[in-house]
Undergrad: 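Dumping the structure here so I can ask a few things about it.
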Amino acid sequence: MMRIVAAAAISFAAMAAPSYGQQATTKDQIVGSWKVLSLKATTGNNVSYPLGDKVAGYVTITSDRIWLLFVDATRKAPATPSLTEAESIAAMKSHVSWTGKYVTGEQTADGIKLTSRVDAASSEAINNTDRVYLIRANGNRLFFKSPGVIVPMTGATSVVEFEMVKAD
């Protein structure tokens, strides 16, 4: 009878514990500088690439702050050092940058939860907002997925996903 009770207790504990199919991502794994490989946004059934098919940029994560700068890698340099109004508008629409302090939270199947309060941004649409991401580490790569954030280039609330590789 004791064996049955012990087996039932072990089975119950195994069912109650989360099963992620991979190791949990830790805060130590996400600290560093990371180069963006891809960026996409999903709104409903629509998938878009807010900065085009070719994106460039970096994310740096310290023990308490995150910095992000992404640009459309195909954008053209201005004809002169002094930007025209059209070139200024195009430059603003072809990048996103922001920074803020962050905290990490619970571990989920999609990774560790990171919540950052944006305290400086290239777009006032996201300044003083929370950016929430689930971050999963896999070797020298990080995968970010938001439950839903405002995409500065479009203003739409979308699920944003980007993949990073450890920068040199």
Side-chain angles (χ1 to χ4, degrees), residues 25 27-105 108 110-168:
T25 298
K27 184 175 177 180
D28 289 341
Q29 289 175 294
I30 68 173
V31 169
S33 290
W34 303 87
K35 182 178 180 179
V36 67
L37 298 175
S38 66
L39 169 66
K40 74 177 181 178
T42 306
T43 306
N45 292 329
N46 298 326
V47 176
S48 66
Y49 300 88
L51 293 173
D53 291 342
K54 295 183 180 175
V55 64
Y58 291 87
V59 171
T60 297
I61 303 172
T62 67
S63 63
D64 68 343
R65 180 169 286 279
I66 181 171
W67 287 270
L68 178 143
L69 170 66
F70 292 162
V71 298
D72 176 350
T74 65
R75 67 187 187 168
K76 305 292 182 229
T80 65
S82 176
L83 294 174
T84 66
E85 187 171 339
E87 288 170 330
S88 294
I89 291 169
M92 285 304 296
K93 289 184 173 183
S94 63
H95 88 284
V96 61
S97 61
W98 60 266
T99 185
K101 290 197 172 231
Y102 75 90
V103 295
T104 54
T108 72
D110 287 322
I112 192 170
K113 182 178 180 182
L114 178 143
T115 304
S116 177
R117 184 69 177 178
V118 177
D119 55 25
S122 60
S123 170
E124 283 302 313
I126 63 171
N127 205 20
N128 295 313
T129 64
D130 288 339
R131 307 296 277 185
V132 178
Y133 295 99
L134 302 172
I135 304 174
R136 181 174 45 86
N138 186 357
N140 70 342
R141 293 186 183 241
L142 283 184
F143 301 88
F144 286 67
K145 183 177 183 178
S146 73
V149 296
I150 296 170
V151 177
M153 293 73 67
T154 65
T157 299
S158 300
V159 173
V160 174
E161 297 175 74
F162 47 99
E163 181 181 355
M164 313 292 294
V165 66
K166 192 77 167 182
D168 295 334

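If you're wondering where the values come from, they're calculated on a predicted model, not measured in any experiment.
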Undergrad: Determine, stepwise, if the pair Thr104 / Lys113 fulfils side chain to side chain contact (heavy atoms under 4.5 Å, CB included).
TA: CA-CA 5 Å; Thr104 54; Lys113 182 178 180 182; over 6 Å; no
Undergrad: Is the Phe143-Phe162 ring centre distance short of 6.0 angstrom?
TA: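 Aromatic pair excluded; centres sit 6.0 Å or further apart.
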Undergrad: If you compare all heavy atoms of Val71 against all heavy atoms of Leu51, which two are closest, and at what distance to 0.1 Å?
TA: N-CD1, 3.9 Å
Undergrad: Could you give the distance from CH2 (Trp34) to OG1 (Thr60), rounded to the nearest 0.5 Å?
TA: 10.5 Å
Undergrad: Tell me if a side-chain donor or acceptor on Ser116 pairs with a main-chain N or O of Lys101 at a distance below 3.5 Å.
TA: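 It does hold such a pair.
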Undergrad: Distance from Ser146 atom OG to Glu161 atom CD, nearest 0.5 Å?
TA: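 If I round to the nearest 0.5 Å, the distance is 7.5 Å.
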Undergrad: Taking all atoms of both residues into account, what is the closest heavy-atom pair of Ile61 and Ile66, and its distance?
TA: CG1-CG1, 3.9 Å
Undergrad: Could you check whether any side-chain heavy atom of Glu163 comes within less than 4.5 Å of a side-chain heavy atom of Arg141, counting everything from C-beta outward?
TA: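 Of all side-chain heavy-atom pairs linking Arg141 with Glu163, at least one is under 4.5 Å.
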Undergrad: Answer whether the closest heavy-atom distance between the side chains of Lys145 and Tyr133 falls below 4.5 Å.
TA: no
Undergrad: With a 4.5 Å limit on heavy-atom distance, are the side chains of Leu68 and Arg131 in contact?
TA: no
Undergrad: Considering residues at least two apart in sequence or located in another chain, which fulfil the side-chain contact (heavy atoms from CB on, under 4.5 Å) criterion with Asp119?
TA: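 Expected list: Arg65, Thr99.
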Undergrad: Which residue pairs satisfy the side chain to side chain donor-acceptor pair (under 3.5 Å) criterion with at least one member in residues 40-59, sequence neighbours excluded?
TA: Thr43-Ser158
Undergrad: Would you say Arg136 and Asp110 make side-chain contact, with heavy atoms under 4.5 Å?
TA: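 Side-chain contact under 4.5 Å: no.
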Undergrad: What residues form a salt bridge (Lys or Arg N to Asp or Glu O under 4.0 Å) with Asp130, not counting sequence neighbours?
TA: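 Salt bridge (Lys or Arg N to Asp or Glu O under 4.0 Å) list for Asp130, sorted by chain: Arg117.
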Undergrad: Quick one: closest heavy-atom pair of Leu39 and Phe70, and the distance?
TA: CD2-CD1, 3.9 Å
Undergrad: So, taking the atom named OG in Ser88 and the one named NZ in Lys93, what distance separates them when rounded to the nearest 0.5 Å?
TA: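 Here the rounded value is 12.5 Å.
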Undergrad: Would you say the side chains of Thr74 and Asp72 form a donor-acceptor pair under 3.5 Å?
TA: yes
Undergrad: For Ala41 and Pro50, work out which heavy atoms get closest and say how close.
TA: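 Closest approach of Ala41 to Pro50: CB-CG, 3.9 Å.
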Undergrad: Show the nearest heavy-atom pair for residues Val118 and Trp98, with the distance to one decimal.
TA: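 Minimum heavy-atom contact is CG2-CE3, 3.7 Å.
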Undergrad: How about Arg75 and Ser94: does a side-chain donor come under 3.5 Å of a side-chain acceptor?
TA: yes
Undergrad: Among Thr25, Leu134, Ile30, find the one that has a side chain to side chain contact (heavy atoms under 4.5 Å, CB included) with Leu114.
TA: Ile30
Undergrad: Say you draw a straight line from CD1 of Ile112 to CD of Gln29; how long is it, rounded to the nearest 0.5 Å?
TA: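 Here the rounded value is 8.5 Å.
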Undergrad: Mind checking whether Trp67 and Ser97 have side chains closer than 4.5 Å, heavy atoms only?
TA: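 No, too far: nothing below the 4.5 Å cut-off.
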Undergrad: Is the NZ atom of Lys166 crowded by more than 12 outside heavy atoms at less than 6.0 Å?
TA: yes
Undergrad: So, for Pro147 and Val159, which heavy atoms are closest and what is the spacing to 0.1 Å?
TA: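 Distance-wise, the nearest heavy atoms are O-CG2, 3.8 Å.
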